[in-house]
Amino acid sequence: MSPEEKPAAAPRSLAEALRVRDDVSLAALLRSRPDLVTPVPTDLTQLATRAGTRASVVRALERLDRFALQTAEALAVAADPAPYGELLRLMAGDEADPAVAAALPRAVALLREQALLWGADDRLRLVRTARELLAPSPQHPSPTGLGPTVREATAGMSPGRIQEILTTVGLSSTHDSVSAVSALGELFTDRKRMAALLAALPGDSREVLDRLVWGPPYGQVTHDPAAHLRALLDRGLLLPTAPGTVVLPREVALHLRAGRAHRAPEPVPPPVEAAATHRPQVVDATAAGQALAALATVDELLKEWDEGGPTVLRAGGLSVRDLKRTAVALDVSEPVAAFWLELAYAAGLIASDGEADERYAATPAYDEWRELPTGERWARLAAAWLPATRTPGVVGGRDAKDRTLSALGPNLDRSAAPEVRHRVLALLAGLPEGASPGAESVLARLRWERPLRGPQRDRRAPGDDDLRSRLARWTLSEAELLGITGRGALAAPGRALIGAPEPSHPAPEPEGPGDKLPVHHHTPPVPVPAGPAERAAATAHAARLLAPLLPEPLDHVLLQADLTAVAPGPLERELADLLGVLADVESKGGATVYRFTPGSVRRALDAGQTAADLHAFLTRRSRTPVPQPLTYLIDDVARRHGRLRVGAASAYVRCDDDATLDEILADKRAAGLGLRRLAPTVLAAQADPAVLLEGLRAIGFAPAAESAAGDVVIARADSRRTPPRTAPEPVPDGPPAPDDTLLTAAIRAVRAGDLAATTPRKPGPGDGEDGAPGGELPRTGAAETLATMQAAVLTGEALWIGYVNAEGAASQRVIAPIRVEGGFVTAYDHTADEVRTYPLHRVTGVAELADDAR
């Protein structure tokens, strides 16, 4: 009989259960639990051992959905092993809930795939570590609220007391405690006899049971219990576990619960319902407007820091004062300002300059980003936001050492953020086009998909969100700010960004803001674009979809007589840059209002513009005539600009008009500058040049900075840049998911190693009589190793060898020697599935394979 024809025996361990899996099933396990593949296990036994470690099991349990976790919790209080029928009764109860019965096979299959459960349906076994984590104990109550079994609760009880309980409930006494406990357990699991026993109890006794039935199952009693408590104790319906403490046995609780392990099984995820619907065109247009506003905000932030931003705190990050200043400059709240700061940082547009007086500034990547088309600029920001682990929502909170978390500072990474963001957007993608969900509907779905485990789930107060819920709320608001959603619904560019398929059905017409749309319970999973090429393609597609939604940049403004200019839409970059220097932004919105002031005109002159340049620029770029007051303002500031020259002596003021210098000396506001006349046209100052410039400008003059050669120093807005900086790398949530290439290689290596570890061989020293390996690598002398190798070359037989590589790592292999010469053996290595050459001095020993393994 060939191996394929042998009947499959029931697995006796998780390793044996993994051994009969096909490669597709093993790949699914390693993909869902990537910690098992790092490093690659040597064989399936090591894989099973790793899958049963506490850290790995905890991580796997935390990634189960609510119903799968409830199934695992039920298995932890079932018999070990448990038949499928018992599990079904624990989950569906005596009434056999059809929804639970229909969903249970999926949950069992998921637990099997995750290697948390093994065995056939008649012998289901939860991995021992999972059972220890989920089984009830006084220190760690079960999430089911169930207590210990009768056998466990009576372990320390005197035999006489057990016999007294038997007599009280009407059972015959037995000769030993084991049979007495078994008889009591059989009574508590007999529905008819148990109902009669409970019916004879007084009402107060039933109330006590009702309070304990759904947990916690422990209660306190005095040394002299009341009559209604004594009735329960005498019948074994409450059993003492410690002085003054009693517990409701598991069998009694299950009877009172009608056989259910959980008060409310949740076999079906809560649907994500649409709270409002809008036409897709409205959603896309709104999102495009938000995208433009996002670009303008980031651009404004970076321009504010063009000449150097705020200083970096000693511990890293931005001070609370600087965050407030940034929020005021952007005209947003502080949490929103923190979001824009972190977004620009994640996109690599700002960083610290690394100088002794460390400050934040724009990076060279900012200049490259500004040259991109508008759609690509937005896509670059959105693509940086989606996988970022830095979470601006926690800014202002406290870390583990009770230190304030600052924007751009350390300890802002939350590794779950990318997965939550993608899942929230995927749920939005599962809704009909133009439909926006309620936040609570999304949160309820996420809590079902990744529930809190154990006591944390019960201790959460209403409205007290866990981290994943807070991440989801931040995702909804940040996606709206960024223009990924519009009016709460996912826009077409946002759909492309996450790789969601285009909707194949028309969106229903909205009937009102409260219109509820039917939504399928199971939102199809949207795969995360895995490799850089896929992510780049998704980002480029999103940019292409956004481009036609954006208005064409305007090449003109409307000048008004009150020294303002109105930009009725987004401006071309060159126009926006020069206008931003020449005027101050007064108000933003659908139209931006700029105001011309003496200070703003002087700023343009400082940047190297002349009065003629400014007149020509305004005449060329305005759709309305240039107002006379604006012409006078420019000429007046230009006439006075540069008449005063400030240079470094420590500082001096030079002017060809000594009357102007007399005016400065006579002005009381200049007293703090420490000015004194050195010559008719030169004043010396005690202040440094920068302070002197600002002081004279505050008085009302328009001085220009002067270099050591006597030339006017032109102050350009883009003069401050950091050295080249890379964007911060996301902090992964555990080992990265293996790609298909790694999975294929890992499975091949595990299979080969398992072949070497399990291939039968002839008995040797330290082996059992059946030829099974004794647990160590084979050990033979050099002469015996060489002779066995040479004989195997002649016979063509395979050998089992122990081998130590150059790094000192020992392994076992199955090889078929082809040639032995010069101290090397060339053989076909069944473990690696290729021909290899091994130095004989690194072979620790050889053993012949058993006859039935050849």
Side-chain angles (χ1 to χ4, degrees), residues 74-83 85-86 89-90 94 123 131-132 135-139 141-142 144-202 204-206 208-213 215-261:
L75 279 168
V77 297
D80 186 26
E86 180 181 350
R89 286 191 296 274
L90 285 171
D94 295 344
R123 294 179 63 82
R131 175 175 284 274
E132 292 171 354
S137 69
Q139 294 77 24
S142 169
T144 62
L146 293 170
T149 63
V150 172
R151 183 176 301 278
E152 294 167 346
T154 57
M157 190 177 292
S158 67
R161 179 57 181 158
I162 297 175
Q163 297 296 336
E164 291 176 1
I165 293 175
L166 284 185
T167 304
T168 304
V169 297
L171 297 177
S172 302
S173 60
T174 63
H175 297 290
D176 59 90
S177 297
V178 174
S179 58
V181 170
S182 298
L184 192 59
E186 291 173 2
L187 169 64
F188 289 165
T189 54
D190 187 314
R191 292 286 188 263
K192 184 178 294 186
R193 290 194 293 164
M194 190 64 179
L197 179 63
L198 293 174
L201 290 174
D204 292 347
S205 299
R206 286 301 304 266
V208 173
L209 296 179
D210 291 341
R211 288 198 298 269
L212 299 177
V213 63
Y218 294 91
Q220 301 295 321
V221 295
T222 63
H223 68 281
D224 185 18
H228 65 284
L229 293 176
R230 175 59 63 186
L232 297 174
L233 291 167
D234 289 344
R235 290 165 176 79
L237 299 174
L238 289 180
L239 294 172
T241 60
T245 303
V246 294
V247 67
L248 181 68
R250 187 181 306 171
E251 294 87 346
V252 177
L254 286 173
H255 175 84
L256 296 171
R257 298 178 178 194
R260 284 184 290 135

Which pair of heavy atoms, one from [X] and one from [Y], lies closest together, and at what distance?
X: T189; Y: E251; result: CG2-CG, 3.8 Å
X: R161; Y: L233; result: NH2-O, 3.2 Å
X: L75; Y: A82; result: CD2-CB, 4.4 Å
X: F188; Y: H255; result: O-CB, 4.2 Å
X: Q163; Y: D176; result: NE2-O, 3.7 Å
X: V150; Y: P249; result: CG2-CB, 3.8 Å

Within-4.5 Å side-chain heavy-atom neighbours: [X] and [Y]:
X: L187; Y: R235; answer: no
X: L238; Y: V221; answer: no
X: L229; Y: V246; answer: no
X: L256; Y: L198; answer: yes
X: L171; Y: R193; answer: yes
X: P136; Y: V77; answer: yes
X: M194; Y: V169; answer: no
X: L201; Y: L209; answer: yes

Look only at the side chain of [X] and the backbone of [Y], and say whether a donor-acceptor pair between them is shorter than 3.5 Å.
X: R260; Y: L90; result: no
X: R250; Y: P148; result: no
X: T154; Y: M157; result: no
X: R257; Y: A261; result: yes

Once you round to the nearest 0.5 Å, how far does [atom1] of [X] lie from [atom2] of [Y]?
X: L197; Y: K192; atom1: CG; atom2: NZ; answer: 15.5 Å
X: I162; Y: T167; atom1: CD1; atom2: OG1; answer: 12.0 Å
X: I165; Y: D234; atom1: CD1; atom2: CG; answer: 8.0 Å
X: T174; Y: L184; atom1: OG1; atom2: CG; answer: 10.5 Å

### Task
Could you check S158, S182, P159 and say which one makes a side-chain contact (heavy atoms from CB on, under 4.5 Å) with S177?
P159
#### Entry: Ion pair check, E86 and R89, cut-off under 4.0 Å
no
### Query
Does a salt bridge link D80 with R123, judged by any charged N lying under 4.0 Å from a carboxylate O?
no
